[in-house]
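Contents: one structure, followed by commentary.
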Amino acid sequence: MDLFDYMREKEQEKEAPLASRLRPLTLEEVVGQEHIIGRERLLYRAICADKLGSVIFYGPPGTGKTTLARVIANTTSAEFRQINATSAGKKDMEEAVAAAKAGLGMYGRKTILFVDEIHRFNKSQQDYLLPFVEDGTVSLIGATTENPYFEVNGALLSRSIIFELKPLSKENIAQLLRRAVRDTKRGLGAFRAEVDEDALEFLADMSNGDARAALNALELGVLTTQRGEDGIIRITLPVASECIQKRALKYDKKGDNHYDTISAFIKSMRGSDPDAAVYYLARMLCAGEEAAFIARRIMICASEDVSNADPNALVVAAAAAQAVERLGMPEARIVLAQAAIYVACAPKSNSAITAIDRAMQLVEKDPTPPIPPYLQDAHYGGAAKLERGVGYQYAHNFENHYVDQQYLPDVYRDLVLYEPSDNGYEREIQEYFRKLSVSKHSKKP
């Protein structure tokens, strides 16, 4: 590094956002994440002993993934190199690996390679790192906001320990904000600012566990608020509310937050909780989820979890899907809410999915047992000679439009696939079969 690089780096540090300047330099300065860096925890012991292997830090933005990597950089005796997967290419990785080999061969010094946003690397880029992680040329620290089990190669996962970082608590955020206001070297202490307690609690709450969002809002407030007559910059609740106008939604339509939220939505409808169903619906809509996608999931739930306990559930869900197409947002939110509430409040049965899954398993096992000849097609020349359709009894010619006739192949003649539940309309289906004296579809006591 020459003089100009050094001066440029110092200037960048000086002009960096508050959240960057205030990053902890030691483990003792880290706030939150006690479940992984508490004094008796594995990660804390490994960092202190400088025996850290390959790890992946996974968690929402602003929870300390890069911070922990920087702390490791400050405490390890190993060479520390950092690349960002959003801009790095294979050449950058080759240079990092070459430097690691040279350091290990010439000085016996290990290298820790920190890859920020590792989920941005494609499969071939991740595969390139694998042999060097495996033979110890580098110890990998990957940071990702996406579920690593979805986004990181299984081979890398098997050679790494995954540490999940949780959103910081309001108390954690408040502690960081107070530190920022007091710190005269890296924080805002030189500005002589004071933050009202209700404003501080508001920022801590509205940041939704994201320390970066809270610190950025505080810095914006301090830099844009005029001093009072006493020379103090006072951050009040109205000022704080202007600086962080909307709660940050932790939702990525391609990530695990997407899957977690839609899963909770479906399980709420299945569990007959309309309040929870509408809540998760609102979370998805506010985060920009496609209304058509939500409508499709409601249709699936109407058939899978309500089924014939209330046949109208599928009718309502299908009508909602069509209405969503024609209306668009914001009116579509009402249609989706109506359909979700209907499905959540409907009696439940999974008899249809049970029946088709049983049938699919049978067909996969034995695809073509003979169909009874009297059920086969008789509408082509020569069918009668082959006794196709001969002996078939037309149900409408009998009392109640029903005749006791075998329809399944002989090998499955006594098989029961559909068992109506005791809920809703399926109770009437049971009663219908009882009247017809078809015991195999009647619920056994």
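Computed from heavy atoms alone, side chains included, the values below leave out hydrogens, waters and symmetry copies. All values reported here derive from a predicted model rather than from experimental measurement.
Once rounded to the nearest 0.5 Å, the distance linking OG1 of Thr144 with CG of Asp116 reads 9.0 Å. Ile266 contributes atom CD1, which lies 6.5 Å from atom OG of Ser263 (distance to the nearest 0.5 angstrom). Distance CG/Leu25 to CZ/Arg70: 10.0 Å, rounded to 0.5 Å. For the atom pair CG of Leu408 and CG of Leu362, the computed distance is 9.5 Å after rounding to the nearest 0.5 Å. Taken from CG in Leu168 to CG in Asp210, the straight-line distance is 8.0 Å, to the nearest 0.5 Å. Separating the CG atom in Leu285 from the CG atom in Leu336 is a distance of 6.0 Å, to the nearest 0.5 Å.
Checked by atom type, the side-chain pair Gln405/Tyr407 shows a donor-acceptor distance below 3.5 Å. For Ser351 and Glu426, the side-chain atoms include at least one donor-acceptor pair closer than 3.5 Å. Using modelled atom types, one finds no donor on one side chain facing an acceptor on the other under 3.5 Å when comparing Asn350 with Asp305. In summary, the side chains of Gln430 and Asp422 do present a donor paired with an acceptor at a separation below 3.5 Å, with no hydrogens or angles considered. A donor atom on one side chain and an acceptor atom on the other are not found under 3.5 Å apart for Thr63 and Lys166. With 3.5 Å as the limit, one finds no donor-acceptor pair spanning the side chains of Asn312 and Tyr425. Judged purely by distance below 3.5 Å, without hydrogens or angles, the side chains of Arg23 and Thr67 pair a donor atom with an acceptor atom.
Between the side chain of Arg21 and the backbone N or O of Ala16, at least one donor-acceptor pair lies under 3.5 Å. Judged by distance alone, with hydrogens and angles left aside, the side-chain atoms of Arg358 form a donor-acceptor pair with the main-chain N or O of Leu417 at under 3.5 Å. Judged purely by atom type and a 3.5 angstrom limit, Gln126 has no side-chain atom pairing as donor or acceptor with the backbone of Lys123. In terms of modelled atom types and a separation under 3.5 Å, the side chain of Arg159 and the main chain of Ala155 share a donor-acceptor contact. With Thr224 contributing its side chain and Leu220 its backbone, the two residues share a donor-acceptor pair below 3.5 Å. Side-chain N or O atoms of Arg270 include none that pairs as donor or acceptor with a backbone N or O of Val306 at under 3.5 Å. For Ser207 (side chain) and Ala214 (main-chain N/O), no donor-acceptor pair under 3.5 Å exists by modelled atom type. No side-chain donor-acceptor contact under 3.5 Å links His35 to the backbone of Leu165. Counting only distance, with no hydrogens or angles, the side chain of Lys348 and the backbone of Ala309 share no donor-acceptor pair below 3.5 Å. Side chain of Asn153 to main chain of Leu156: no donor-acceptor pair is present (N/O by atom type, distance under 3.5 Å, no hydrogens or angles).
Counting non-hydrogen atoms of other residues, nucleotides and ligands closer than 6.0 Å to CD of Glu399 gives a total of 12 or fewer. For CD1 of Ile371, the number of neighbouring non-hydrogen atoms (other residues, nucleotides, ligands) closer than 6.0 Å is 12 at most. Within a 6.0 Å sphere centred on CZ of Arg120, other residues, nucleotides and ligands contribute 12 heavy atoms or fewer. Heavy-atom contacts from other residues, nucleotides or ligands closer than 6.0 Å to CD of Glu304 number more than 12.
Side-chain contact between Asn397 and Val403: absent, with no pair of heavy atoms (C-beta onward) separated by less than 4.5 Å. In this structure, Thr354 and Glu419 have side chains that are not in contact, with every pair of non-hydrogen atoms separated by 4.5 Å or more. Counting heavy atoms from C-beta outward, Thr137 and Thr111 have side chains that stay 4.5 Å or more apart. Looking at heavy atoms from C-beta onward, Phe163 lies out of side-chain contact with Tyr58 at the 4.5 angstrom threshold. You'll find the side chain of Thr26 stays beyond 4.5 Å of the side chain of Asn74, heavy atoms only. Using a 4.5 Å cut-off on side-chain heavy atoms (C-beta onward), Tyr418 and Asn308 make contact. Side-chain contact between Ile262 and Tyr280 is absent, with no heavy-atom pair separated by less than 4.5 Å.
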>> Under the criterion side chain to side chain contact (heavy atoms under 4.5 Å, CB included), I'd like the reasoning laid out for Leu68 against Ile36: C-alpha separation, chi angles, the key distance, then a yes or no.
In response: CA-CA 11 Å; Leu68 282 177; Ile36 60 172; 4.2 Å; yes
> Checking ring-ring contact (aromatic ring centres under 6.0 Å, His included) for the pair Tyr128/Phe132: CA distance, chi angles, key distance, verdict?
Replying inline: CA-CA 8 Å; Tyr128 174 79; Phe132 307 111; 5.3 Å; yes
> Could you go step by step and tell me if Val278 and Ile341 meet the side chain to side chain contact (heavy atoms under 4.5 Å, CB included) rule?
Replying inline: CA-CA 7 Å; Val278 172; Ile341 290 170; 3.5 Å; yes
> Would Asn147 and Val152 satisfy side chain to side chain contact (heavy atoms under 4.5 Å, CB included), going step by step from the backbone distance to the final call?
Replying inline: CA-CA 8 Å; Asn147 191 324; Val152 180; over 6 Å; no
> Step by step, would you call Leu42 with Ile161 a side chain to side chain contact (heavy atoms under 4.5 Å, CB included)?
Replying inline: CA-CA 10 Å; Leu42 171 64; Ile161 300 176; 4.1 Å; yes
> Can you list the steps and then say if Ser124 with Asp127 is a side-chain hydrogen bond (donor to acceptor under 3.5 Å, both in side chains)?
Replying inline: CA-CA 5 Å; Ser124 63; Asp127 284 343; over 6 Å; no
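For the pair Glu289 and Arg297, the salt-bridge criterion is not met [side-chain N within less than 4.0 Å of a carboxylate O]. Between Arg178 and Glu197 there is a salt bridge, since a side-chain N of the basic residue sits under 4.0 Å from a carboxylate O of the acidic one. Under a 4.0 Å N-O distance rule, the pair Glu431/Arg434 qualifies as a salt bridge. Between Arg296 and Glu290 there is no salt bridge, since no side-chain nitrogen of the basic residue lies less than 4.0 Å from a carboxylate oxygen of the acidic one.
Minimum interatomic distance between Pro24 and Val71 (heavy atoms only, all atoms of both residues): O-CG2, 3.6 Å. For the residue pair Pro60 and Thr145, the shortest heavy atom distance occurs at C-CG2, 4.4 Å. Heavy atoms only, all atoms of each residue included: Ile56 and Pro148 are closest at CG2-CB, 4.3 Å. Val55 and Phe57 get closest at one heavy-atom pair: CG2-CZ, 4.0 Å. Across every non-hydrogen atom of Ala199 and Ile235, the tightest pair is CB-O, 3.6 Å. When all heavy atoms of Tyr392 and Tyr374 are compared, the closest pair comes out as CB-O, 3.1 Å.
Between Tyr259 and Phe150, the ring planes lie perpendicular to each other; the angle is over 60°, past the 30° to 60° tilted range.
Only one option out of Leu200, Asp196, Asp198, Val195 pairs with Leu237 in a side chain to side chain contact (heavy atoms under 4.5 Å, CB included); it is Asp198.
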